[in-house]
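Okay, structure first, notes after.
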Amino acid sequence: MKNRAKTFVAVLALLTLVPAYGQGRGGMGMGGAPRGPELSGAMAKLFGNNPSFTATMEMQMSGMPQGQGITMLTKMAFDNGNSRVELDMSQLKGPQMNPEMASHMKSMGMEKIVTITLKDKNAKYLIYPGLKGYVEMPNRDPEVSKPESDFKVEMTELGKETVEGHPCVKNKATVTDKEGKKYESLVWNATDMKNFPIKIETTDQGHTSTILFKDVTFSKSDAALFQPPADFKKYDDQTSLMMEAMKGMQHGMGGMPGGQ
């Protein structure tokens, strides 16, 4: 029971950590560890004339506490400022994840997480399909509501490389906002994909975030992808949703606690 409790606490910590890392501003935020792409503000400038696309996104984060790193594989859909990221926690690679933890997350119905960010509503949905539940929260990133015109980007060519079989120009990208704050990153723009930034690398306070896009298609996504399912239960906050998951785990229900 003691080990079970310790594992449960570790699961909750990981569930809190990963969405924060997976839905930030691509490591270009002010302070803290680098986070994954929320394609707005400074980050949006790196995507140029690619307003809609879908892709598999691999994100690696190094320089974490105690030398630990995380690798996440997600599915992403982006359409004119709105984004959807699907993460299967059982596919997470790093010292934080082990078979026992993966099993417990599945029994809680929380191994899969979908995060939807809506630019116009300045809102975010955190959805757990295994629980058939979701939480709506305000997007506290001040950059989300800013128009792209508030940012200017300067590209400095550093060379040419091949990434994922695509010929790329490696650039140093410097994005400057209206207040004069600069955001720097390395970007590999695929010349055979409308200069899509197939790889983005950012370092912030010793933490490095590398994002690699695979299987990119420039198709417009169904609008329904950017809304929570109508038959899912809406919770007041993430704590309430996690407590529902804990009930299922404590009673040994397995499968989809709270969603059946």
Side-chain angles (χ1 to χ4, degrees), residues 18-64 69-87 93 115 117 119 141 143-144 146 148 151-177 181-218:
V18 171
Y21 277 102
Q23 285 296 304
R25 289 172 295 184
M28 293 189 287
M30 297 175 60
R35 296 171 292 178
E38 185 170 273
L39 307 187
S40 59
M43 191 70 169
K45 275 296 186 181
L46 301 183
F47 288 81
N49 298 318
N50 297 294
S52 300
F53 68 88
T54 62
T56 298
M57 182 181 71
E58 180 181 286
M59 183 166 65
Q60 297 181 350
M61 292 169 287
S62 61
M64 306 286 285
I70 295 176
T71 299
M72 291 188 288
L73 194 64
T74 67
K75 293 182 179 180
M76 166 173 269
F78 179 74
D79 186 22
N80 290 291
N82 297 328
S83 64
R84 174 189 174 99
V85 177
E86 302 177 19
L87 169 65
K93 297 179 181 179
T115 306
T117 303
K119 181 177 181 179
D141 185 345
E143 287 187 9
V144 170
K146 293 181 179 180
E148 288 188 39
F151 301 87
K152 295 182 179 181
V153 61
E154 179 183 353
M155 293 287 192
T156 303
E157 184 174 334
L158 301 178
K160 292 180 171 62
E161 297 181 8
T162 298
V163 179
E164 291 292 304
H166 298 279
C168 297
V169 176
K170 180 181 179 181
N171 291 298
K172 176 183 177 181
T174 302
V175 181
T176 307
D177 64 17
K181 182 173 177 55
K182 296 182 183 295
Y183 308 83
E184 294 184 348
S185 58
L186 296 177
V187 181
W188 286 256
N189 297 98
T191 57
D192 62 340
M193 296 173 59
K194 300 189 291 186
N195 289 323
F196 184 86
I198 197 167
K199 181 178 177 182
I200 303 172
E201 182 179 296
T202 308
T203 300
D204 183 21
Q205 296 188 358
H207 306 283
T208 299
S209 172
T210 302
I211 302 164
L212 182 64
F213 292 96
K214 304 178 181 180
D215 306 319
V216 180
T217 62
F218 297 104

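The structure displayed is predicted, hence computed values, not measured ones.
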Q: May I ask you to decide if Ser52's main-chain N or O and Asn80's side chain share a donor-acceptor pair within less than 3.5 Å?
A: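 No, Asn80 side chain to Ser52 backbone: no donor-acceptor pair under 3.5 Å.
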Q) Does the Thr191 side chain pair with the main chain of Pro167, one donor and one acceptor, at a distance under 3.5 Å? A)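 Yes, because the side chain of Thr191 sits within donor-acceptor range (under 3.5 Å) of the backbone of Pro167.
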Between [X] and [Y], is any pair of side-chain heavy atoms under 4.5 Å apart?
X	Y	value
Met61	Met72	yes
Val169	Asn195	no
Glu157	Asn171	yes
Pro197	Asn189	yes
Met59	Ser209	yes
Met193	Phe218	yes
Val175	Leu46	yes
Tyr183	Asp177	yes

Closest approach of [X] and [Y], non-hydrogen atoms and distance?
X	Y	value
Glu184	Thr174	CG-OG1, 3.9 Å
Leu87	Leu73	CD1-O, 3.9 Å
Asn82	Lys119	OD1-N, 2.9 Å
Cys168	Ala190	SG-CA, 3.8 Å
Trp188	Ile200	CE3-N, 4.5 Å

**Q.** Test side-chain contact (heavy atoms from CB on, under 4.5 Å) applied to Met76 and Phe213, step by step
**A.** CA-CA 9 Å; Met76 166 173 269; Phe213 292 96; 4.1 Å; yes
Q) How far apart are the C-alpha atoms of Thr54 and Thr217, what are their side-chain angles, what is the distance that settles it, and do they pass the side chain to side chain donor-acceptor pair (under 3.5 Å) test? A) CA-CA 5 Å; Thr54 62; Thr217 62; 2.4 Å; yes
Q | Working for side-chain contact (heavy atoms from CB on, under 4.5 Å), residues Asn50 and Val216 | A | CA-CA 11 Å; Asn50 297 294; Val216 180; over 6 Å; no
Q.
For Phe53 and Phe47, take the angle between the two ring planes, folded into 0 to 90°, and tell me which bin it lands in: parallel under 30, tilted 30 to 60, perpendicular over 60.
A.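 It falls in the parallel class, under 30°.
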Q. Salt bridge check: are Glu154 and Lys152 linked by an N-O gap of less than 4.0 Å?
A.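 Between Lys152 and Glu154 there is no salt bridge, as every charged N stays at least 4.0 Å from the carboxylate O atoms.
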